[in-house]
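Computed from a predicted model, the values in this text were never measured in an experiment. Counting starts at 1 for both ligands and their atoms, in listed order.
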Amino acid sequence: MKTQLIKIDIDDPEQGLVDEAGKLLREGQLVAIPTETVYGLAANALDAKAVCSIFTAKGRPQDNPLIVHIADNDGLAPLVKSLPPKAEALAQAFWPGPLTIILPRADVVPAVVSAGLDTVAIRMPSHPVARAIIRSAGVPLAAPSANRSGSPSPTTAGHVMQDMDGIIPLIVDAGACGVGVESTVVSMVSDTPVILRPGAVTKEQLERVIGTVMIDSGVLHRVSDTVKASSPGMKYKHYAPRAKVYMVEGDSDAYCDYVNSKPDAFALCFEEDIPKLKVNYVNYGSQDDASSQARLLFTSLRELDRLGAATVYARAPQKTGVGLAVYNRLIRAAGFDIIKL
Ligand code: TXA
Ligand code: MG
């Protein structure tokens with residue numbers, strides 16, 4: 001299959017191009033679309049066959065459910081069996097934006113979308129191109145990140161091309177994603193809301209709207225094979241470049257001394273570390289700016305592959321605010337291998 005890449009203006013998406021994507025989606029085809037978090041691999045969420053082809057294209061395990069994307073508030077009610085007041089408050093406060101809410105699944109959503117679970121994950125992206133394409137398609141769109149399963153999520157159309165060339169008919173290119181890590185996933189199906197995946201919408205922000213929110217232990221710790229994961233995506237090795245990554249916890253000086261003692265390795269560092277490093281490096285933002293780290297992390301992991309890195313020592317980010325999302329992705333890229341200095 002020939003993969004077409006079309007560029008589109010994020011501020012003023014050309015309707016003809018939007019409709020081209022919308023038409024393919026209505027016909028049951030896959031289209032990679034930009035969102036504010038990462039690029040998504042979209043299909044008509046109400047078409048079980050189209051949704052199945054997402055799993056094939058990604059090489060995604062069948063038991064890992066997908067997020068359904070809507071463009072407008074009235075898109076939510078038909079997809080869920082019930083809408084608790086706290087979930088409604090979250091939608092009101094954070095949509096459109098990088099928050100996914102898990103709710104009881106309505107029968108209209110094919111079971112394959114949720115990998116057989118009786119819940120469904122819903123999000124309203126804020127990216128103008130994503131919303132225009134959902135509206136043009138006229139159906140909700142199931143869309144996981146548009147990477148091959150296991151590799152870092154794509155934050156540019158070029159990343160999508162690396163993974164999906166020849167596999168899907170269309171990639172819509174609206175430039176680099178602003179957030180850079182996937183949405184916060186919060187489950188609202190039991191009395192206590194639980195964060196299953198941290199993202200740009202933080203625990204503190206959620207708590208300001210609905211009170212206490214828990215963080216699932218799988219966010220920071222390895223989910224053992226024998227335990228049922230709250231979110232199936234937690235079990236899988238994720239976000240990993242080809243290199244072996246170690247996460248190193250320590251201050252800038254200790255980190256740089258440590259990495260300098262490994263002359264063949266690469267550093268995945270902060271900007272502030274660069275002057276002290278004697279080894280090859282890729283930086284992922286500033287040590288005090290978690291948003292810059294989120295924006296750059298996946299690009300930097302792919303860059304390490306491009307440079308042929310075999311061993312990478314990554315400086316650990318703070319676990320607070322958006323930093324928790326960065327830490328969550330990096331610890332998985334490192335297969336939970338931590339070096340404490
Ligand atoms: O920002 C994002 O969320 C991006 C863009 C494209 O919107 N999408 C994304 O999708 O990251 P994906 O499939 O890569 O990640 C979805 C995560 C997985 O960890 C999955 O296990 C979890 O959400 N998930 C989906 N439905 C769920 C459900 N019903 N219950 C628990 N976890 C669910
Ligand atoms: Mg993903």
Side-chain angles (χ1 to χ4, degrees), residues 30-43 45 51 54-55 57-71 79-81 94-106 109-127 129-131 133-134 140-155 159-160 163 172 177-190 193-201 216 218-219 223 228-240 294 298 325 328-329 332-333:
L30 303 185
V31 178
I33 63 168
T35 84
E36 72 278 23
T37 55
V38 300
Y39 275 74
L41 183 59
V51 171
I54 292 179
F55 288 88
K58 277 185 64 95
R60 183 180 179 103
Q62 291 285 346
D63 66 347
N64 195 2
L66 308 175
I67 297 172
V68 178
H69 297 67
I70 56 175
L79 303 176
V80 300
K81 278 224 163 91
F94 298 105
W95 282 358
L99 178 70
T100 294
I101 307 177
I102 312 259
L103 290 162
R105 173 171 61 91
V109 180
V112 59
V113 170
S114 297
L117 298 174
D118 55 10
T119 54
V120 60
I122 317 242
R123 144 166 145 82
M124 188 193 294
S126 63
H127 198 292
V129 174
R131 296 180 78 196
I133 291 174
I134 300 167
L141 299 180
S145 48
N147 51 292
R148 291 279 301 168
S149 197
S151 66
S153 294
T155 56
H159 297 162
V160 180
D163 284 20
V172 179
C177 300
V179 174
V181 293
E182 307 88 338
S183 60
T184 305
V185 176
V186 63
S187 173
M188 300 302 292
V189 290
S190 55
V194 186
I195 293 175
L196 301 179
R197 182 177 71 184
V201 175
D216 192 277
V219 165
V223 177
K228 185 169 171 289
S230 325
S231 184
M234 284 174 178
K235 309 187 290 211
Y236 298 107
K237 189 172 180 207
H238 255 107
Y239 318 115
F298 289 141
N328 169 269
R329 305 314 187 269
R332 280 172 170 70

Validation row: Y39, V172 side chains within 4.5 angstrom (heavy atoms): no
For residues P154 and D163, determine if any side-chain heavy atom of one lies less than 4.5 Å from a side-chain heavy atom of the other. no
In ligand 1, the atoms that come under 4.0 Å of a heavy atom of I67 are 3 (O), 8 (N), 9 (C), 10 (O), 16 (C)
Counting from 1, what ligand 1 atoms have a heavy atom of A143 closer than 4.0 Å? 6 (C), 8 (N), 10 (O)
Please confirm whether the backbone N or O of P96 pairs with a side-chain atom of S126, one donor and one acceptor, at under 3.5 Å? no
In the protein, what heavy atom is nearest to atom 5 (C) of ligand 1, and what distance, to one decimal place, separates them? T37 OG1, 3.6 Å
So, applying side-chain contact (heavy atoms from CB on, under 4.5 Å) with V185, which one of T100, V201, V194, D216 is it? T100
Using a 3.5 Å distance criterion without hydrogens, assess whether the side chain of K58 forms a donor-acceptor pair with backbone atoms of A146. no
What number of protein N, O or S atoms occur at distances under 2.8 Å from the Mg ion (ligand 2)? 1
Contact atoms of ligand 1, heavy-atom distance to L117 under 4.0 Å: 28 (C), 29 (N), 30 (N)
Any side-chain heavy atom of V31 within less than 4.5 Å of one from I133? no
The protein heavy atom nearest to atom 14 (O) of ligand 1 is S145 OG, 3.0 Å
Can you report which non-hydrogen protein atom sits closest to atom 15 (O) of ligand 1, along with the distance? R197 NH1, 3.0 Å
Note the single closest protein heavy atom to atom 28 (C) of ligand 1, along with its residue, its atom name and the distance in Å. I102 CD1, 3.4 Å
Side chains of E182 and S153: donor-acceptor distance under 3.5 Å anywhere? yes
Counting only heavy atoms, tell me which of L99, N64, L141 gets closest to atom 18 (C) of ligand 1. N64
When you measure from the side chain of R60 to the backbone N and O of R148, does any donor-acceptor pair fall under 3.5 Å? no
Where R329 and F298 come nearest, the two heavy atoms and their spacing: CG-CZ, 3.8 Å
Report the nearest protein non-hydrogen atom to atom 19 (O) of ligand 1: residue, atom name, distance rounded to 0.1 Å. G233 CA, 3.5 Å
May I ask you to list the atoms of ligand 1 that are less than 4.0 angstrom from any heavy atom of L66? 25 (C), 26 (N)
Would you check the N or O atoms of E182, main chain and side chain alike, for any that come under 3.5 Å of an N or O of ligand 1? no
Less than 3.5 Å between some nitrogen or oxygen of R123 and one of ligand 1, yes or no? yes
Examine distances only and state if a side-chain atom of T35 and a backbone atom of T37 form a donor-acceptor pair shorter than 3.5 Å. yes
Find all atoms of ligand 1 within a distance of less than 4.0 Å from any non-hydrogen atom belonging to T119, and give their numbers and elements. 28 (C), 29 (N), 30 (N)
So, R105 side chain and K81 main chain: donor-acceptor pair closer than 3.5 Å or not? no
Does only the side chain of S114 get under 4.0 Å from ligand 1, or the backbone, or both, or neither? Count heavy atoms. neither
Are any side-chain N or O atoms of S114 and backbone N or O atoms of T119, one a donor and one an acceptor, separated by less than 3.5 Å? yes
Just to confirm my output: which protein heavy-atom neighbour is closest to atom 3 (O) of ligand 1, and how far is it? S183 OG, 2.5 Å
Correct closest heavy-atom pair for S183 and I67 would be OG-CD1, 4.1 Å
R131 side-chain N/O to A71 backbone N/O, donor-acceptor pair under 3.5 Å: yes
Polar proximity ligand 1 side, Y39 side, N/O cut 3.5 Å exclusive: no
Considering only the protein, which heavy-atom contact is closest to atom 24 (N) of ligand 1, and what is its distance? P65 CG, 3.7 Å
Please classify the H127 to ligand 1 contact at 4.0 Å (heavy-atom distances, strictly less than): side chain, backbone, both or neither. neither
May I ask you to identify the nearest protein heavy atom to atom 7 (O) of ligand 1, giving residue, atom name and distance to one decimal place in Å? H69 NE2, 2.6 Å
Using only atom types and a distance under 3.5 Å, with no angle test, would you say the side chain of N328 pairs donor to acceptor with the backbone of V219? yes
